[in-house]
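Here is the structure we will look at.
By convention in this document, chain letters (A, B, ...) are assigned in the order of the sequence lines, proteins followed by strands, and residues within each chain are numbered from 1.
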Amino acid sequence: MTSANSLVVLDFETTGLSPNMGDRAIEIAGVRLENGQVVDSFQSLMNPGRRVSGFIEDYTGITNEMLVDASACETVMGEFADFIGDANLVAHNASFDQRFLDEELARIGRSYTGEFVCSMLVARRIYQDAPNHQLGTLIKHVNIPADGVFHRALYDSQMTAKLWQEMLESIESRYALENIPFALLKKIARTPKKNLHKMLQAY
DNA sequence: TGCCAGGCCCTCTTTAGGGCCTT
């Protein structure tokens with residue numbers, strides 16, 4: 001059972017960029033955060049029913065051979081829907097992951113009730129001096145130790161969770177806040193950069 | 001590391017174009 005402040009940070013690896021173009025998920029992972037601590041995690045490869053391109057094999061390290069014996073997307077996504085429950089959701093460039101989550105769950109008649117917030121949109125506002133706002137760059141920018149390989153779902157979701165916690169602590173520190181609610185993070189992600197400082201000062 | 005899309009965001013903007021970010 002999830003608590004009221006449960007948050008799931010998730011990441012997909014896929015056959016490409018667009019479910020509307022026929023792309024499918026090949027790996028899903030998520031870590032559950034409660035009170036800033038990772039309390040559970042989920043990771044599974046899934047068989048999209050067709051071969052993945054050489055580009056995707058190289059980009060993710062997930063090969064066609066690895067996917068042959070993986071469970072079908074329908075099976076894995078059902079398990080993942082159970083995992084996320086009613087938790088709110090975070091992903092880096094969430095519009096991408098949300099499209100695949102919506103598409104894969106629609107295929108099995110499942111849905112979710114949590115709300116998405118994008119860690120990239122928050123990072124663009126909190127770390128305006130970062131060289132860029134790719135996940136790997138931000139992890140380095142804020143000096144989070146990284147000894148794994150990016151572009152795998154579990155590692156990326158773990159790193160996104162650490163970045164998320166770092167951003168929360170940074171905002172709390174800068175504005176003398178405690179226990180920032182999810183709703184404020186949603187608001188930060190939508191607030192124009194030029195208005196952000198004033199909005200947080202007034203909060 | 002690229003192409004495919006889509007949302008966000010900036011600007012030499014809003015009757016638009018292009019970069020960023022995700023795989």
Side-chain angles (χ1 to χ4, degrees), chain A residues 8-31 42-67 70 73 76-77 80 84 89-107 115-142 144 146 148-164 166-167 185-200:
Chain A
V8 168
V9 183
L10 63 91
D11 184 65
F12 275 102
E13 304 305 318
T14 70
T15 64
L17 291 171
S18 175
N20 287 340
M21 299 289 286
D23 287 316
R24 298 294 304 271
I26 59 173
E27 186 180 39
I28 180 65
V31 297
F42 181 102
Q43 180 274 332
S44 183
L45 293 171
M46 56 189 123
N47 189 328
R50 58 185 172 83
R51 293 183 64 80
V52 302
S53 69
F55 170 75
I56 292 298
E57 285 190 318
D58 291 344
Y59 186 80
T60 64
I62 299 169
T63 64
N64 284 289
E65 184 179 10
M66 292 164 67
L67 295 173
C73 295
V76 172
M77 291 309 300
F80 189 68
I84 62 178
L89 305 169
V90 169
H92 202 68
N93 197 13
S95 66
F96 173 86
D97 294 278
Q98 185 169 9
R99 281 197 298 279
F100 278 95
L101 185 64
D102 290 351
E103 174 68 21
E104 293 292 349
L105 292 186
R107 285 173 173 268
E115 294 187 82
F116 262 99
V117 169
C118 177
S119 57
M120 185 189 73
L121 294 183
V122 175
R124 280 178 174 170
R125 288 158 175 78
I126 303 304
Y127 302 126
Q128 296 187 27
D129 58 340
N132 60 57
H133 298 86
Q134 296 171 18
L135 179 60
T137 302
L138 289 165
I139 292 297
K140 190 172 182 180
H141 182 69
V142 298
I144 293 172
V149 179
F150 286 100
H151 305 306
R152 283 300 298 269
L154 182 60
Y155 188 71
D156 281 10
S157 60
Q158 289 169 333
M159 290 296 106
T160 302
K162 290 184 178 181
L163 176 66
W164 185 256
E166 183 69 29
M167 290 195 294
L185 273 304
K186 277 186 71 82
K187 189 173 181 181
I188 290 171
R190 292 194 309 262
T191 300
K193 284 180 193 172
K194 60 184 171 63
N195 299 338
L196 185 70
H197 182 63
K198 186 176 289 184
M199 186 276 283
L200 283 169

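When heavy atoms are screened at a 4.0 angstrom cut-off, A/Ile26 is found touching no nucleic acid atom at all. At a threshold of 4.0 angstrom between heavy atoms, the contacts of A/Thr60 are confined to the sugar-phosphate backbone, with no base atom among them.
Taking atom P in both B/dT13 and B/dG7, one finds a spacing of 24 Å when rounded to whole Å. Rounded to the nearest Å, the gap between the C1' atom of B/dC4 and that of B/dA16 is 23 Å. Taking the C1' atom of each, B/dT14 and B/dC8 are spaced 16 Å apart, rounded to whole Å. Rounded to a whole angstrom, the distance from the C1' atom of B/dT15 to that of B/dG19 is 22 Å. Comparing B/dG17 with B/dT1, their C1' atoms are spaced 25 Å from each other, to the whole Å. Spacing between B/dG18 and B/dC12 at atom C1', rounded to whole Å, works out to 12 Å.
Using a 4.5 Å heavy-atom threshold, the side chains of A/Leu135 and A/Ile139 count as touching.
For the pair A/Phe100 CZ and B/dT23 P, the computed distance is 10 Å after rounding to whole Å. Put simply, CD on A/Glu13 is 14 Å from C1' on B/dC21, counting in whole angstrom units. Rounded to whole angstrom, the span from the CD atom of A/Gln134 across to the C1' atom of B/dT1 amounts to 12 Å. Atom pair A/Arg152:CZ and B/dT22:P shows a separation of 17 Å (rounding to whole Å applied). What separates CZ of A/Arg50 from C1' of B/dT23 is a distance of 12 Å, to the nearest Å.
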Below 3.5 Å is the cut-off: list the nitrogen or oxygen pairs between protein and nucleotides 7-9 of chain B, distance only.
from  : atom 1 : to       : atom 2 : distance (Å)
B/dC9 : OP1    : A/Arg125 : NH1    : 2.7
B/dC9 : OP1    : A/Arg125 : NH2    : 2.0

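Neither OP1 nor OP2 of B/dC21 sits under 4.0 Å from any side-chain N or O of A/His92. At least one side-chain nitrogen or oxygen of A/His133 sits closer than 4.0 Å to the OP1 or OP2 atom of B/dC21.
Taking the nucleotide of DNA chain B with the nearest heavy atom to each of A/Asn132 and A/Asp58, the more 5' of the two is matched to A/Asp58. Along DNA chain B, the nucleotide nearest A/Asp156 and the nucleotide nearest A/Pro192 are compared for position; the residue whose nucleotide lies closer to the 5' end is A/Pro192.
The aromatic rings of A/Phe100 and A/Phe12 sit tilted relative to each other, their planes meeting at an angle between 30° and 60°. Between A/Tyr59 and A/His151, the ring planes lie tilted relative to each other; the angle falls in the 30° to 60° range.
Listed by first and then second residue, the side-chain hydrogen bond (donor to acceptor under 3.5 Å, both in side chains) pairs that reach into residues 188-198 of chain A are A/Tyr175-A/His197, A/His197-A/Gln201, sequence neighbours excluded.
Salt-bridge check for A/Lys162 with A/Glu166: failed, with every basic side-chain N at 4.0 Å or more from each acidic carboxylate O.
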